[in-house]
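Hydrogens, waters and symmetry mates are skipped; everything else that's a heavy atom, side chains included, is used.
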Amino acid sequence: MGNRTFSRVACAVMLVAFASSAGADPIIYPAKGQSADQQTKDQNECQGWAKQNTGIDPVALANTASQSAAQQPVGGELAGDAGKGAAAGAAAGTMVGGSRQRQKQRANTANQNAQNADVQSKLATYNKAYAACLEGKGYTVK
C-alpha cells in the first residue's frame, strides 16, 4: 500500500471513527435519578432498539466505510500499479494522460465524498432513534 493510499485510508477511518464517536456517544443525563447500572442497561437496550428500528448498525457502517476507503485507488494506482502508473505518465508526457488521471481522481474524490455524506446521514438517523429511546426512558440527551 503506497503512502498516499495509506494516508487516504487513515483519513477515512479517522473521519468515520470521529463521526461514530461524535454521534454514538451523546451526553446523557439521568433526569429521573437512574443509577449508573440502570443507565448502562437502558443504553444497551436503546442501542438495540435504534438498530432494529432504523436498520442501521453503526459498527457495520463504520467497517463498510473504512473498507470502501481502502479500495479507492490513488495516484499511479489508477493504472493498476504505482510503478507502472509513474512510468506510463513519464513516457506519455501528454496533457491528455494527466487530464484523464485528474478526472479519475476527481471522480474518486466525489465518490468518497458521497459515501461519507451517506454515512453521516445514516448515523444521524440512528442517533435520532437512540436519543428518542433514551428520552422515553427518562434521560436528557444532548
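Atom SG of C133 sits about 7.5 Å away from atom CG of D42, to the nearest 0.5 Å. One distance of note links CD of Q47 with CG of D57; it measures 10.0 Å at 0.5 Å rounding. Considering OG of S99 and CZ of R106, their distance stands at 6.5 Å, rounded to 0.5 Å. Put simply, CG on D118 and OG1 on T64 are 10.5 Å apart, with the number rounded to the nearest 0.5 Å. Interatomic distance, K122 NZ to N127 CG, rounded to the nearest 0.5 Å: 14.0 Å.
Put simply, the side chain of P58 reaches to within 4.5 Å of the side chain of L123, judged on heavy atoms. Residues P26 and Y130 meet the side-chain proximity criterion, which asks for heavy atoms closer than 4.5 Å.
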- Take T125 and I56 through the test side-chain contact (heavy atoms from CB on, under 4.5 Å) and record every step on the way to the result. CA-CA 8 Å; T125 299; I56 298 166; 3.9 Å; yes
- Which is it for Q112 and Q115 under the side-chain contact (heavy atoms from CB on, under 4.5 Å) test, yes or no, and what are the steps along the way? CA-CA 5 Å; Q112 188 64 44; Q115 289 174 351; 3.6 Å; yes
- Go through the steps to decide whether Q43 and L134 satisfy the test side-chain contact (heavy atoms from CB on, under 4.5 Å), and finish with yes or no. CA-CA 7 Å; Q43 285 178 290; L134 287 170; 4.1 Å; yes
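Considering every non-hydrogen atom in both V119 and L61, the closest pair reads O-CD2, 3.8 Å.
Salt-bridge formation is not detected for the pair D37/K41: no Lys NZ or Arg NE/NH1/NH2 atom is positioned less than 4.0 Å from an Asp or Glu carboxylate oxygen.
S121 contributes no side-chain N or O that, together with a main-chain N or O of A117, makes up a donor-acceptor pair within less than 3.5 Å. Between the side chain of N53 and the backbone N or O of W49, at least one donor-acceptor pair lies under 3.5 Å.
With sequence neighbours excluded, the residues forming a side-chain contact (heavy atoms from CB on, under 4.5 Å) with T40 are N44, listed by chain and number.
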Quiz: residues 28-35 side-chain donor-acceptor pairs under 3.5 angstrom, not counting sequence neighbours:
| unit_1 | atom_1 | unit_2 | atom_2 | d |
| --- | --- | --- | --- | --- |
| Q34 | OE1 | K32 | N | 3.1 |
| Q34 | NE2 | K137 | O | 3.0 |
| Q34 | NE2 | G138 | O | 3.3 |
| S35 | OG | Q38 | N | 3.0 |

